[in-house]
Amino acid sequence: MASVGPPPTSTQPDLPSGIAVFLKIPYAFILPEIVFGTWVWILVAATSISFPLLQGWVMYVSLTSCLISLLLLLGYLLGFHKNSENWKVLDSLYHGATAILYMSAAVLQANATIHSESGPNSPLYYQLNCAATFFAFITTLLYILHAFSIYYQ
């Protein structure tokens with residue numbers, strides 16, 4: 001007599017491919033991460049770089065994160081992951097590390113914003129720096145949400 005038990009469960013992760021990437025949390029966060037990160041880069045580039053070391057780090061983090069996130073998004077869209085558990089680990093580690101780096105960049109951008117308040121062309125550059133700081137913190141939040149929602153998935 002055969003024992004009756006629960007149906008076998010798949011241990012494979014359910015990673016989306018194609019357009020389904022934009023519909024499933026946390027993978028739906030990738031596109032806003034790219035868009036807001038691009039805004040950070042554009043807004044910082046549009047200002048007068050008063051503090052090259054501080055804002056250079058902001059530019060480096062935002063541009064590098066944008067490019068790597070774009071590659072990750074393309075990998076998901078084209079199905080390179082082949083539903084492998086390793087992609088979940090890679091995704092979680094990448095977004096966790098990037099959240100930390102983006103937090104440091106957002107704080108440095110906030111510091112540059114404070115210092116740009118009294119500089120030359122202060123109204124325009126101050127407003128651009130404020131917008132860059134806002135988008136940097138939003139992008140940081142998106143990376144944090146992405147990393148934790150993969151971890152708790």
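Quick note: residue numbers are just sequence positions, from 1. Computed from a predicted model, the values in this text were never measured in an experiment.
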For side chain to side chain contact (heavy atoms under 4.5 Å, CB included), just list the numbers for Leu15 and Tyr27, CA-CA rounded to whole Å, side-chain angles, deciding distance to a tenth of an Å, and then say yes or no.
CA-CA 9 Å; Leu15 298 175; Tyr27 309 102; 2.9 Å; yes
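- Here the side chain of Asp91 pairs no donor or acceptor atom with the backbone of Trp87 at under 3.5 angstrom.
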Full working for side chain to side chain contact (heavy atoms under 4.5 Å, CB included) between Ile30 and Phe22:
CA-CA 8 Å; Ile30 296 176; Phe22 300 115; over 6 Å; no
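- Within the 3.5 Å criterion, the main-chain N or O of His146 finds a donor-acceptor partner in the side chain of Ser149.
- Note that CD1 of Ile34 and OG of Ser62 are 13.0 Å apart. Values are rounded to the nearest 0.5 Å.
- Rounding to the nearest 0.5 angstrom, the gap separating the CZ atom in Phe137 from the CD1 atom in Ile144 is 10.0 Å.
- A donor-acceptor pair under 3.5 Å is formed between the side chain of Thr140 and the backbone N or O of Ala136.
- Side-chain polar atoms of Thr98 and Ser65 form no donor-acceptor pair below 3.5 angstrom.
- Between the Ser104 side chain and the Leu101 main chain, a donor and an acceptor come within less than 3.5 Å of each other.
- Taking the side chain as every heavy atom from C-beta outward, Tyr102 and Val40 approach each other to under 4.5 Å.
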Evaluate Thr38 against Ile42 for side chain to side chain contact (heavy atoms under 4.5 Å, CB included), listing each step before the verdict.
CA-CA 6 Å; Thr38 303; Ile42 290 170; 3.7 Å; yes
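- No side-chain N or O of Glu117 forms a donor-acceptor pair with one of Asn129 less than 3.5 Å apart.
- Atom NE2 of His95 and atom CZ of Phe29 lie 10.0 Å apart (nearest 0.5 Å).
- Side-chain contact between Tyr143 and Tyr94 is present, with heavy atoms from C-beta onward closer than 4.5 Å.
- In this model, no donor atom of one side chain and acceptor atom of the other lie less than 3.5 Å apart for Tyr126 and Thr47.
- The environment of CG in Leu23 is crowded: more than 12 heavy-atom neighbours from other residues, nucleotides or ligands sit within 6.0 Å.
- Under a cut-off of 6.0 angstrom, the local environment of CZ in Phe134 is sparse, with at most 12 non-hydrogen atoms contributed by other residues, nucleotides or ligands.
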